[in-house]
Amino acid sequence: MAVYKAPKGTKDVLPEQSYQWQYLEALIRGIVRKYGFLEARTPVIEHTELFLRGVGETTDIVQKEMYTFEDKGSRSITLKPEGTAGIVRMFVENNLFGDTQPTKVFYLNNPVFRYERPQAGRLREHHQFGVEFFGASKASADAECISVATELLNQLGCTGLTVHLNSIGCPKCRPNYHAALKGYLKSHYDDLCETCKVRYEQNPLRVLDCKVEKCKEIAKDAPVIGDYLCDECKEHQAMLLKLLDGMDVRYELNPRLVRGLDYYTKTVFEITSDSIGSQSAVCGGGRYDGLVEEIGGPHVPAVGFGLGMERLLLVLENIGKEIPKPIRYDVYLASMGDAANERAFLLAHEFRDLGLCVEIDHVGRSVKAQLKYADKIGAKYVIVLGDNELEKGEAMLKRMSDGEQTPVALKAEAIKENI
RNA sequence: GUGGGUAUAGCUCAGUUGGUUAGAGUGCCUGGUUGUGGCCCAGGAGGUCGUGGGUUCAAAUCCCACUACUCACCCCA
């Protein structure tokens, strides 16, 4: 029985709901196009090593959530747990850094996999839309990325969203902050939760993110990164805020926003929703100036984000946003009797040549049942074909919205005039 | 990995202190005359009551285990 179910944490997109995905896809393509982002597609699998180096060995994603296996050639392969590492690998492997910069790419409906306990808004396989902006160190690049996300969300009419923003510094200034933070945490070490004791050693920034009450108490009075940023990081953030203000993008500065991927530098941001349960992040990203080098390329600054498609759909559902359902059939050809059935089939063929969407009877229903079926599948018009119509070479074109019937000659072009 | 909740028709759910052929709404099929949808009316099909054990004369109902789903922690999109 279990064999015939989709694996835990995965979901089918059923035929009746795929239009929602297509709607988002079209909207997204229209937006990124205006910014000049080009689509890139990378493999679902990568060498495990890429994520160890890219995402970071101490992260939860790498330590306990990856789908890793050995292939028949004894290579360690991993289903991608996030979108950025693969794109960076592509960027480096194909020497795209050698082209004129910047390089602006996006990915759409990119499947990513994490072995986690499923819950509201969290799947083991989900799909991301994301943007990666290489070779641009200026804050305008950060601002464009955020703008792509907020424009999308705004165009969809999303409400209850918050843009959280922070800077976590760069390799020049972060060590100072690390030292200060560790110094502070050391005096509270015994009160930290068990995982935070480990974080203290491996990645003290993450203690700020801890949800345990005691740790939150401690974090509240911890030194703030903003006080330790170097001039360059400070100026970068100031410029970003200025540009966001100029676009009227609302944001909240959150000094404790720390993301679970190791590659970020300077800007980090997250967009959360208050309507989709506790897994509230719809979009997350930031700057990663050191990652290209880490993956074996030259020093190339970059910034990007990932946005969860399933969560975006959840937001739309929960705020009652209706996605327009496309018309499936223009015409349904009801027919009875062998001659009319055959004529209906060929007429449908002619209609399709003219670009119309049309359906006929494939199961031998009565005329009454065919009308009912035409109504159910949302056909705009119905034509009933029987011996009478074949003789006269004329039939009634029935408009389903109001039932009005008009006589038409049995010629595809002529009928098309009337719809 | 840790907790809580749920499991009865395709779907959403009833099912009284254990009691005889397990129900409703919706969906599906058919019919309400001879070739015309929506509304209405009538009829029909459809259920190993998640699985396996136990208690009992008797279990959808009580007990245990397992599984699945779900929500939350954790983490993240």
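Here is the naming used below: chain letters follow the sequence lines, and residue numbers restart at 1 for every chain.
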Whole-Å distance between [N] [atom2] and [X] [atom1]?
X: A:L333; N: B:G37; atom1: CG; atom2: C1'; answer: 16 Å
X: A:Y264; N: B:C76; atom1: OH; atom2: P; answer: 10 Å
X: A:R114; N: B:C76; atom1: CZ; atom2: P; answer: 8 Å
X: A:K376; N: B:G27; atom1: NZ; atom2: P; answer: 9 Å
X: A:K5; N: B:A7; atom1: NZ; atom2: C1'; answer: 11 Å
X: A:L24; N: B:A77; atom1: CG; atom2: P; answer: 19 Å
X: A:R117; N: B:U70; atom1: CZ; atom2: C1'; answer: 10 Å
X: A:Q279; N: B:A72; atom1: CD; atom2: P; answer: 7 Å

With a 4.0 Å cut-off on heavy atoms, is [X] in touch with a base, just the backbone sugar-phosphate, or nothing at all?
X: A:E270; result: nothing
X: A:S335; result: nothing
X: A:L312; result: nothing
X: A:G277; result: sugar-phosphate
X: A:V384; result: base
X: A:A120; result: sugar-phosphate
X: A:G403; result: base
X: A:R259; result: sugar-phosphate
X: A:R206; result: sugar-phosphate
X: A:E389; result: base

Heavy-atom nearest nucleotide on RNA chain B for A:G121 versus A:K368: which residue maps closer to 5'? A:K368
Note: for A:G285 and A:I276 on RNA chain B, the residue whose nearest nucleotide lies more 5' is A:I276
Can you check the distance between [N] and [M], where both ends of the measurement are the [atom1] atom (answer in whole Å)?
N: B:C63; M: B:G44; atom1: C1'; result: 40 Å
N: B:A14; M: B:U51; atom1: C1'; result: 24 Å
N: B:G35; M: B:U48; atom1: P; result: 39 Å
N: B:U33; M: B:G15; atom1: C1'; result: 42 Å
N: B:A59; M: B:U16; atom1: P; result: 16 Å
N: B:C74; M: B:G4; atom1: C1'; result: 16 Å
N: B:U56; M: B:G10; atom1: C1'; result: 35 Å
N: B:U12; M: B:A7; atom1: P; result: 12 Å

Looking only at side-chain atoms of A:D375, point me to the closest of B:C71, B:U36, B:G38.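 Ranking B:C71, B:U36, B:G38 by closest atom to the A:D375 side chain puts B:G38 first.
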So for [X] and [N], does any side-chain atom that can act as donor or acceptor lie under 3.5 Å from a complementary atom in the base?
X: A:R365; N: B:C29; result: no
X: A:K398; N: B:G37; result: yes
X: A:R122; N: B:C74; result: yes

A:E342 versus A:S335, side-chain donor and acceptor atoms under 3.5 Å: no
Side-chain H-bond candidate by donor/acceptor type, A:T84 with A:E132, under 3.5 Å: yes
What does the 5'-to-3' dot-bracket notation of RNA chain B look like when only Watson-Crick and G-U wobble pairs under 3.5 Å count, and pairs to other strands show as |? (((((((..((((.....[...)))).(((((.......))))).....(((((..]....))))))))))))....
Taking NZ, NE, NH1 and NH2 as the nitrogens, is one of them in A:K220 or A:E217 under 4.0 Å from a carboxylate oxygen of the other?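 Here A:K220 pairs with A:E217 in a salt bridge, since their nearest N and O are under 4.0 Å apart.
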Indicate yes or no: does A:K80 engage A:E46 in a salt bridge with an N to O separation below 4.0 Å. no
Donor-acceptor pair, A:K266 side chain versus A:Y288 backbone, under 3.5 Å?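 Not a single qualifying donor-acceptor pair exists.
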Looking at A:R311 and A:A281, would you say the former's side chain and the latter's main chain have a donor-acceptor pair under 3.5 Å?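 Pair found, side chain donor or acceptor close to backbone of A:A281.
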Any [X] side-chain nitrogen or oxygen under 4.0 Å from OP1 or OP2 of [N]:
X: A:K372; N: B:U36; answer: no
X: A:Q370; N: B:G37; answer: no
X: A:S278; N: B:C71; answer: no

Can you tell which of A:T58, A:T59, A:D60 makes a side-chain contact (heavy atoms from CB on, under 4.5 Å) with A:V62?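 So the option named by the test is A:T59.
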Whether A:F134 and A:F91 hold their rings parallel, tilted or perpendicular, with breakpoints at 30° and 60°: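 Plane angle under 30°, so parallel.
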Any residue meeting side-chain contact (heavy atoms from CB on, under 4.5 Å) with A:K8, in chain and number order, not counting sequence neighbours: A:P118, A:R124
Using every non-hydrogen atom in the two residues, find where A:N110 and A:G83 come nearest and quote the distance to one decimal. ND2-CA, 3.8 Å
